[in-house]
Amino acid sequence: CYYIGLVGMPGNGNYGGALTYYALYNILKDLGKSVLFIQQPEDSYWKPSNEMSAFKNNPYYAYEISKIYPNRDALSELNQYCEMFMVGSDQLFATDGLYEYCNKFTSLDWVENRKKKVAYAASFGRDNISCDDYNRALLGYYLNKFDKFTVREISAVDLCKREFDLTPEVVLDPVFLCNMNHYYNLINNGKYQNNQKSGIYILDKNSLTREITEDIEKRLNIETIEIEDVYKDTDYNNVKHNIPKVEDWLSLIAGSKIFITDSFHGMCYAILFKKPFVAICNQQRGAARFESVAKLLGLKKRIIYNIEDYNNIKSQLECIDWEKVYEKLDILKKRSMEVLEDMITPSQNKKNATDHDLFHPNLVNLKYGQYLLNIKSKELQHGIKNTQEQLSKCEQDIKSNLRNTFSKLIDTKENKQVYAHKKDSSFDIDTKDISVVVQGAIDKEITPQCLKSIRTHLPQAEIILSVWEGSNVDGLDYDRLVKN
């Protein structure tokens, strides 16, 4: 058994996404807790992965990563193995993003009420939600079932109050709380250590990002090293292999002289390594994240929305008062750590089961029963189709055999003489002169179809049904019955 079931996306190929879970995992391990990573189910739009392909070397033990479950309901099995459950950071509650793409598994609706449920530095990515009111209400119901729900962005406090009647506390992203030695363990395997160049990581290039990077290169007379977006020219479920890994990405930031990025976590690590940075606000991916950290640490001028913002700081690119920044950061880190430690402290009050807990197993069984019925229905449909094809083939074979038999009769010398006067006309035979024998075991579907087909195509033919003694022939259409 594990103390904490850590719910999130450790297999995320995105550098920041992978590192926020690497950080939270190491924080919890350093606090002496056993951790089991729990990823999104297989039926999610964004598929889970146990490969941890963002890293050069998988930093986790195999036994610390749960098996991949087929759907959200199946995750309920994990109630047997984890004492409590924690949803990690990153935009796992973005209703137009990861929350939907990962089949809403971060709602923890599959966790029993008796288990402690918490969310550390949860993020909606934006200061609003984008779903219909029914799904907003459902999300609000599940969020209010959490024992403790904290958020990463300041704007998320108002969002939660407005949409869910919930008052969360703001805490730092886990990357700020992790012991720096864990990052240096990765950097030691990176290829850009002590590069002393301009590090660039731009997710969404445009005219503004190009103008700024070119100006900094000229202004500081410095060479550049750029790492491009992991997902460029590909998609989440097809991550390229010939790309720099997390170790390289971290070493680029830690070893650079200045760092230029439109990545939220790129900005966070520039702050952690005390690197002068320019953060071009990526509103498409969520501006609230940038604005919250910058406001908390007094770095709002470093968030660039347009060229005028950049012009205001370009003469002071390398001037950041890190002492003042870290005075604020240390206070926030201390409080965030206190909140996290309180979250993982065992609850003194035991909780009872809810109506949801009582009915959920039955609902899962019903869904599984429906799943089996669907499979059986498809099998039956396939069987009926095959039977119909066999009957059609049988019908064609009967016609073909009759034509061949008639042709042979006509071709005999005797029949040639008898029908010499009709040699230029087609042979004609009355179906009342034909007897058809249907022999073998009775099949409740195929036998009636076969008899019906004979009646249709040879309406006056005699049908002789030859069966085993004791066979049930009730309702069958035949002229003579032969029992063997």
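Remember, predicted model here, so these are calculated numbers, not experimental data.
Counting non-hydrogen atoms of neighbouring residues, nucleotides and ligands closer than 6.0 angstrom, the NZ atom of K257 reaches no more than 12 such neighbours. Residue-environment remark: CD (E223) stays at or below the threshold of 12 foreign heavy atoms within 6.0 Å. Taking a 6.0 Å sphere around CG of D330, one finds it holds more than 12 heavy atoms contributed by other residues, nucleotides or ligands.
Annotation: side chain of K301 is not in contact with side chain of Q316 (no heavy-atom distance under 4.5 Å). Using a 4.5 Å cut-off on side-chain heavy atoms (C-beta onward), Q193 and I187 make contact. Contact of the M86 side chain with the L340 side chain is registered, since non-hydrogen atoms from C-beta on lie closer than 4.5 Å. Taking the side chain as every heavy atom from C-beta outward, F124 and Y99 never approach each other to under 4.5 Å.
At a threshold of 4.0 Å, the pair R219-D215 counts as salt-bridged, since one of the basic side-chain nitrogens sits closer than that to a carboxylate oxygen. Salt-bridge formation is detected for the pair K205/E228: a Lys NZ or Arg NE/NH1/NH2 atom is positioned less than 4.0 Å from an Asp or Glu carboxylate oxygen. Salt bridge status for K117 with E112: absent, with no side-chain N to carboxylate O gap under 4.0 Å. Ion pairing of D248 with K56 is present here, as a side-chain N (NZ or NE/NH1/NH2) and a carboxylate O approach within less than 4.0 Å. The pair D109-R72 meets the salt-bridge criterion, with a side-chain N (NZ, NE, NH1 or NH2) lying under 4.0 Å from an Asp/Glu carboxylate O.
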(request) Please assess F93 against F149 for the test ring-ring contact (aromatic ring centres under 6.0 Å, His included), listing each intermediate value before the final yes or no. (result) CA-CA 12 Å; F93 291 95; F149 190 85; 5.4 Å; yes
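Side-chain rings of Y2 and Y81 stay apart, their centers remaining 6.0 Å or farther from each other.
Between the side chain of T95 and the main chain of I129, no donor-acceptor pair closer than 3.5 Å is present. Checked by atom type and distance alone, the side chain of K300 never pairs as donor or acceptor with a backbone atom of E291 at under 3.5 Å.
Geometric assessment of K274 against the ring of Y326 yields a positive cation-pi assignment under the 6.0 Å and 45° thresholds. Taking the ring axis of Y3 as reference, the NZ or CZ atom of K33 stays within 45° of it and closer than 6.0 Å to the ring centre.
For the side chain to side chain donor-acceptor pair (under 3.5 Å) criterion with D147, the lone passing option out of K115, K116, K351 is K351.
When every heavy atom of S66 is checked against every heavy atom of L78, the shortest pair comes out as OG-CD2, 3.8 Å.
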